[in-house]
Amino acid sequence: MDGVDKEKVQRIVYEMSKGSKYFQNEERKDAFITQKINNLRTQCDKLTQADLSHFQKVADRRILELEATRDLSRIWLHVDMDAFYAAVETLSNPTLKGKPMAVGSMSMISTANYEARKFGVRAAMPGFIARKLCPELIFVPTDFKKYTYYSDLTRKVFRRYDPNFMAASLDEAYLDITEVCKERNINSEEIADELRTSVYEETGLTCSAGVAPNRLLAKVCSDINKPNGQYVLPNDRMAVMTFISSLPIRKIGGIGKVTEHILKAVFGINTCEQMLEKASYLCALFSQSTTDFFYSVGLGLGKTDSPEIRFRKSISNERTFSATEDEVLLYKKLEELADMLSTDMQKEGLCGRTLTLKLKTSSFEVRTRAVTLPKYISSREDILKHASELLKAELPLSVRLIGLRVSHFDGDKYGGATSDPKQKTITDFITSIDANRNCFLPDVADHDLVGHTETDVSIGSWQTSRDPIDGNQSSDVNCQSGTGWRSEEVRTSGNNASCSNYGQVKEAVGSTFPIQGQFEDTSTLNLSNLPEDEGLNSCKDKTMLWLNDYKCSLCGIELPPSFIEERLEHSDFHLAEKLQKEEESRIHQRTSDSSRSWDQKNRITRESISKRQKLSQKEGSYRPIDYFFVKEQ
DNA sequence: GAACGGCAG
DNA sequence: ACTACTGCCGTTC
């Protein structure tokens with residue numbers, strides 16, 4: 001951003017925060033990092049020439065191995081909407097045009113428009129500081145429904161170029177445009193141009209694009225000519241190496257403030273190519289996974305594969321409020337969180353056995369306390385009971401945030417489900433009912449939120465929404481809005497939108513997940529947990545079955561309107577499923593509800609999977625969209 | 001394997 | 001008067 005007086009901005013930010021609890025905590029963290037840097041330096045100094053030559057050899061070998069994995073056969077495009085939330089708000093209120101504006105609140109800004117950025121106002125900056133930087137700044141509260149709606153519009157465009165595109169958040173996506181380029185015999189630059197034009201025509205919003213041989217690079221590229229621009233990095237090794245050589249490491253997804261600081265302070269690394277120059281030191285001081293990532297950065301390597309399915313590993317929620325030591329109040333907050341979390345988990349049919357309590361003290365110190373239970377839980381009572389015990393052990397304490405997380409899901413480690421006692425029971429039970437029925441394993445898996453992430457090489461390469469979410473009147477009693485809009489979102493938009501939170505995307509529910517997965521879950525729950533009539537009605541009502549004329553409201557499978565036969569078959573399937581279920585409940589009347597749910601879930605999921613596989617074989621070009629996640633909320 | 005802290009987006 | 005959520009890594013026991 002030119003025109004920004006960086007010194008002035010820094011000074012104001014410093015003056016506004018200096019002396020605050022937050023600031024003191026930042027200083028504490030800085031001190032810790034400084035210590036870490038000193039330790040690393042010491043270790044470096046201890047390295048002998050012999051050590052270094054040894055590590056150099058190891059590093060060289062590893063770099064060669066990584067180089068051998070280079071794949072220049074794919075063309076990836078990363079799209080990034082420009083100041084997305086702010087742009088959407090301006091669309092719905094044109095009087096904002098040209099004025100400095102920020103989406104968010106006094107506590108936290110999610111996105112600032114370009115006029116505001118001229119003043120140094122940025123995403124993730126608290127509103128009160130932003131106002132100091134720009135007194136006439138207009139604040140607009142976040143409205144995720146709106147962003148989800150526009151996000152869906154953009155995704156309709158993306159889908160035309162890559163039906164299997166990866167949504168990284170509401171405003172970012174990765175598209176493998178290799179095939180389109182081939183089929184239409186045009187180059188990637190033209191595709192990018194055309195795509196951006198289409199997005200603008202269909203949404204009124206501008207975006208930027210980056211094209212490169214892998215996702216890591218594509219992401220970097222989309223930032224180069226932002227806003228409303230694009231940059232193409234050809235699939236050529238020399239071009240990549242030249243591009244990467246002078247690139248500051250901070251531009252790379254996965255290298256944040258701290259890593260940048262450490263690498264610079266200890267090794268003098270500023271650019272990507274220096275990752276290779278200092279390879280022996282890195283090799284000596286960091287783990288294999290970390291050095292692999294660093295070397296990959298130096299080589300300009302990134303992921304080129306199509307999204308693999310991934311499972312959600314945890315689900316959580318947290319709230320900030322004005323710090324208090326009042327135990328009654330704290331328990332009440334805890335109860336609300338347990339309530340919301342349980343609801344979210346049930347929406348997705350999740351049960352987990354590790355519960356983690358997160359506390360942020362009034363001095364911003366973060367603590368987590370966890371327990372792993374002998375059985376899987378998901379009910380509000382179970383969560384609350386164990387959470388209360390964890391909390392109790394920490395009191396008295398002045399707290400400003402409480403969070404709860406459940407992880408270690410059943411069916412976690414693909415198939416690992418059977419290793420748990422309770423599951424064995426269920427498995428056995430179901431098996432006894434129908435020997436043919438296969439439980440758990442990948443099936444269960446699919447029913448989870450799956451996403452894919454690009455994560456990977458260690459410090460990951462995923463993306464999340466760059467616009468932090470506004471905590472919504474953060475500091476106060478407001479703990480509800482979060483979930484509220486989420487559930488609405490799910491029902492109304494029924495699409496890819498996700499509402500997430502973590503960055504890598506979501507559909508409607510909580511945070512981050514792939515849409516497909518989410519829907520499947522939702523549907524599963526509908527069928528198994530709701531009164532029979534509901535499921536049945538939905539099945540019968542063909543017009544209601546296809547959300548946005550595209551996605552099945554029951555299981556989330558995505559079938560475009562042109563798939564007429566498949567659609568018919570699909571609705572028949574749900575009907576049959578329904579009937580079968582009714583029949584079954586008659587037979588196994590005494591079956592416990594929970595067991596029946598499991599059973600039902602598995603069967604449905606299975607069907608969905610095989611259906612999808614069938615489709616992809618038949619129609620090579622069509623595959624359900626996998627999402628990844630987004631986080632927002 | 002579990003717990004915890006931290007980074008990143 | 002500095003968010004919400006998720007994933008992964010490293011360390012320690």
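Numbered from 1 within each chain, the chains take letters A, B, ... in sequence-line order. Hydrogens, waters and symmetry mates are skipped; everything else that's a heavy atom, side chains included, is used.
For A:Phe364, counting side-chain heavy atoms from C-beta on, the closest listed nucleotide (B:dC4, C:dT3, C:dT6) is C:dT3. The side chain of A:Thr320 approaches C:dA4 more closely than any other nucleotide in the set B:dG5, C:dC2, C:dA4. Taking every side-chain heavy atom of A:Met108 into account, C:dT3 is the closest of B:dG5, C:dT3, B:dA8. Taking every side-chain heavy atom of A:Lys29 into account, B:dC7 is the closest of B:dC4, B:dC7, C:dA4. When each of B:dA3, C:dA4, C:dC8 is scored by its nearest atom to the side-chain atoms of A:Thr372, the top-ranked nucleotide is B:dA3. When distances run from any side-chain atom of A:Ser289 to the nucleotides C:dC9, B:dA8, C:dT6, the shortest one goes to C:dC9. When distances are taken from the side chain of A:Ser20 to each of C:dA4, C:dT3, C:dA1, the shortest belongs to C:dA1. Set against C:dT6, C:dC8, C:dT3, the side chain of A:Lys313 has C:dC8 as its closest nucleotide. Nearest nucleotide to the A:Leu401 side chain, out of C:dA4, B:dC4, B:dA8: C:dA4. Side-chain proximity of A:Ala370 to B:dG5, C:dT3, B:dA3: nearest is B:dA3.
Straight-line distance from the CG atom of A:Leu373 to the P atom of B:dG1: 17 Å, rounded to whole Å. One can place CG of A:Leu350 at 13 Å from C1' of C:dT6, the figure rounded to the nearest angstrom. Distance A:His408 NE2 to B:dA2 C1': 9 Å, rounded to the nearest Å. Atoms CZ (A:Arg131) and P (C:dC2) sit 13 Å apart, rounded to a whole Å. Between the NZ atom of A:Lys257 and the P atom of B:dG9 there is a distance of 12 Å, given to the nearest Å. Taking atom CG of residue A:Leu357 and atom P of nucleotide B:dA2, one finds them 19 Å apart after rounding to whole Å. Atom CG of A:Leu390 is separated from atom P of B:dA2 by 15 Å (rounded to the nearest Å). Atom CD in A:Glu318 sits about 13 Å away from atom C1' in C:dC2, given to the nearest Å.
You'll find the ring centres of A:Phe286 and A:Phe294 inside the 6.0 Å limit. Here A:Phe144 and A:Tyr147 bring their ring centres to under 6.0 angstrom of each other.
A distance of 12.5 Å separates CD1 in A:Ile252 from OG1 in A:Thr259, rounded to the nearest 0.5 Å. In this structure, A:Thr368 OG1 and A:Leu357 CG are separated by 8.5 Å, a value rounded to the nearest 0.5 Å.
At a cut-off of 3.5 Å, with distance as the only test, a side-chain donor of A:Ser362 or A:Ser398 sits close to an acceptor on the other residue. A:Ser314 and A:Ser316 share no side-chain donor-acceptor pair at under 3.5 Å.
Between A:Lys360 and A:Ser314, the residue anchored closer to the 5' end of DNA chain C is A:Lys360, taking for each the nucleotide with the nearest heavy atom.
The side chain of A:Ser322 places no N or O atom within less than 4.0 Å of a non-bridging phosphate oxygen (OP1 or OP2) of C:dA1. An OP1 or OP2 oxygen of C:dG7 is reached within less than 4.0 angstrom by no side-chain nitrogen or oxygen of A:Arg405. Under 4.0 angstrom from either OP1 or OP2 of C:dT3 there lies at least one side-chain N or O belonging to A:Arg400. Regarding contacts with the backbone of B:dA3, every side-chain N or O of A:Arg367 stays at 4.0 angstrom or more from both OP1 and OP2.
Residue-to-nucleotide contacts include no donor-acceptor pair under 3.5 Å from the side chain of A:Ser107 to the base of C:dC2.
Here A:Thr356 lies out of heavy-atom contact (under 4.0 Å) with every strand.
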